Amino acid sequence: AQDTAPLYKIGSLDVRPHAAYSLVYDDNIFLENKDKSTNQKGNAGRDHDWISTITPGLRLNAGDAVTRQSAFFDANYEAAIIRFANYTGSDAVDHNANLALGGKFNRLSLNVSQSLASYSDADQHNLAANGRVKRKLWDTKAGAAYEVSEKTTAGLDFVQTINDYPAPFVNSTERSGNLWMDYQVLPKVKMGASAGGGYLQVDNTATFVNPNSVYENGQLRLEWQMTEKTTVKASGGIENRHYQGQGTDKLSAIFSIGADWRATEATTFSLSAKRGSKPSNANGNTINEETSVTLGVKHGLMDGLSVKFDGGYQVSQYSATTLTSIAAGSIRDDNYYFLKPGLSYRFAERAQATAFYQYRRNNSNLPANGNDFYGNQIGMEISYRF
């Protein structure tokens, strides 16, 4: 969209409206678990429906909103109006917005952003197959980077994440800071290190006192431009987490890896892997140590037509944050994967149509197979944006 002229221009401010419509058939709209206690095949009692989503939106931006190497302003809002053909009680309107500003001023780079993401779908990770739950995620970020020399850059980042869930789910707020330094060791290789920490606050419930936690971490960083067509970014290290009032510390490995490869002019690959800890908003007195791998492949077939495949595998290990409050049977390991092939056609400068199929499956050792499910989705989307 940034390669095209905006619909309106008010001084230096670009006005870019956009809209999308999607129609999806989902054969497991609540991610209901399958019953392994019987010999039935499939998910007995799964609910299916056609889901229509209309998403109007508006983006306002000024300055260098693409590369963000100089002063910029970028704001976007959209409303997802979700309607079910049969299960109209699950109809919803989700509001999503983000605001970012900053830029590079001589040797100093600054950026600040605030986003709101609202959801009303069935989440396979935190909700433990509890159906469709309306929730909000508030994300605040601020960062600064300073070029100490031609080869050395130092920076400081702050992040606050607020997870807002309805009862009986649990709200959480996480605040963290990270101090880092990078050095250009070779023309195409940048290495560095970071040290940081944070505080995770989890609300209590009528049943449990959910302990908050303090953590510290240290990581090594790498950015490698292997070739003109291949880029690798990676970081990895150790995190130490202390649960308040429990007298226990937990040491764990954390990492993040991302690689992009443009194999040909028409074919691109992207690979990412990461591991870290996140709160469980379905069970406040557990924490999820999550490891995931995702792969994306895109190939252009002809002018405007491309085929794409996305897939991923995720292991979620839920462990207790209290010594005595949680029953051993409430702790679980989940193994989740998805496969999503799709076909896209850009039939105009600003318009695109996409058709896709997605298969999702989760296998869990939760008692009575309470978080096991699978589901199929098939859908199409048409979008137009300035």
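For the numbers below, each heavy atom of this structure counts, side chains included, while hydrogens, waters and symmetry mates do not. Counting begins at 1 with the first residue of the sequence. Keep in mind the model is a prediction, meaning the values are calculated, not measured.
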Not counting sequence neighbours, which residues clear ring pair (Phe, Tyr, Trp, His ring centres under 6.0 Å) with Phe255? List them please.
none
So how far is it from Lys136 NZ to Ile162 CD1, rounded to the nearest 0.5 Å?
11.5 Å
salt_bridge(Arg241, Glu239) N-O dist < 4.0 Å:
yes
Are Ile378 and Phe356 connected in the hydrophobic side-chain network, where two residues link if heavy atoms are under 4.5 Å apart?
no
Side-chain donor-acceptor contacts of residues 76-86 below 3.5 Å, not counting sequence neighbours, with atom names and distances?
unit_1, atom_1, unit_2, atom_2, d
Asn76, OD1, His18, NE2, 2.9
Tyr77, OH, His95, ND1, 2.7
Arg83, NH1, Ala92, O, 3.4
Asn86, ND2, Asp49, OD1, 3.4

Assess whether side-chain hydrogen bond (donor to acceptor under 3.5 Å, both in side chains) is satisfied between Ser256 and Ser235, documenting all intermediate values.
CA-CA 5 Å; Ser256 175; Ser235 63; 4.7 Å; no
In terms of side-chain geometry, is the basic nitrogen of Asp26 or Arg360 positioned less than 4.0 Å from the acidic oxygen of its partner?
yes
Pair Asp182 + Lys190: basic N to acidic O under 4.0 Å:
no
Geometric class of the Phe30/Tyr87 ring pair [parallel <30°, tilted 30-60°, perpendicular >60°]
perpendicular
I'd like to know if the side chain of Arg107 and the backbone of Val148 have a donor-acceptor N/O pair within less than 3.5 Å.
yes
Mark yes when over 12 heavy atoms from residues, nucleotides or ligands other than Lys134 sit less than 6.0 Å from its NZ; otherwise mark no.
yes
For Asn163 and Arg135: C-alpha separation, side-chain torsions, deciding distance, then whether side chain to side chain contact (heavy atoms under 4.5 Å, CB included) applies.
CA-CA 8 Å; Asn163 289 303; Arg135 57 206 186 276; over 6 Å; no
Do the side chains of Arg275 and Glu289 get close enough for a salt bridge, i.e. N-O under 4.0 angstrom?
yes
When hydrophobic residues are tied together by side-chain contacts of less than 4.5 Å, even through go-betweens, does Leu99 share a cluster with Ile10?
yes
The test is side-chain hydrogen bond (donor to acceptor under 3.5 Å, both in side chains); show your working for Ser120 and Asp94 and say whether it passes.
CA-CA 7 Å; Ser120 55; Asp94 291 338; 3.0 Å; yes
Could you tell me whether a side-chain N or O of Glu147 sits under 3.5 Å from a main-chain N or O of Ser149, the two making a donor and an acceptor?
no
Has Lys250 got its NZ or CZ under 6.0 Å from the middle of the six-membered ring of Tyr243, at an angle within 45 degrees of the ring axis?
no
Across all chains, not counting sequence neighbours, the side-chain contact (heavy atoms from CB on, under 4.5 Å) partners of Val170 are Val202, Asp203, Thr205, Asn210
Residue set satisfying salt bridge (Lys or Arg N to Asp or Glu O under 4.0 Å) with Asp157, at least two apart, ordered chain then number -> none
Return each pair, listed once, that meets ring pair (Phe, Tyr, Trp, His ring centres under 6.0 Å) where at least one residue sits in residues 282-308; pairs must be two or more places apart or across chains.
none
Does Asp27 use its side chain to pair, donor to acceptor, with the backbone of Asn376 at less than 3.5 Å?
yes
Looking at Asn335 and Val315, would you say the former's side chain and the latter's main chain have a donor-acceptor pair under 3.5 Å?
no
Identify whether the distance between the nearest side-chain nitrogen and carboxylate oxygen of Arg68 and Asp74 falls below 4.0 Å.
yes
Does the pair Val293 and Leu271 meet the rule for a side chain to side chain contact (heavy atoms under 4.5 Å, CB included), with working shown?
CA-CA 8 Å; Val293 179; Leu271 176 69; 4.1 Å; yes
Got a salt bridge between Asp334 and Arg332, using NZ or NE/NH1/NH2 to carboxylate O under 4.0 Å?
yes
Residues two or more places apart in sequence or in another chain: which of them pass ring pair (Phe, Tyr, Trp, His ring centres under 6.0 Å) with Tyr384?
Phe386
Going through the checks in order, is the side-chain hydrogen bond (donor to acceptor under 3.5 Å, both in side chains) test met by Thr161 and Glu174?
CA-CA 5 Å; Thr161 301; Glu174 184 169 5; 5.8 Å; no
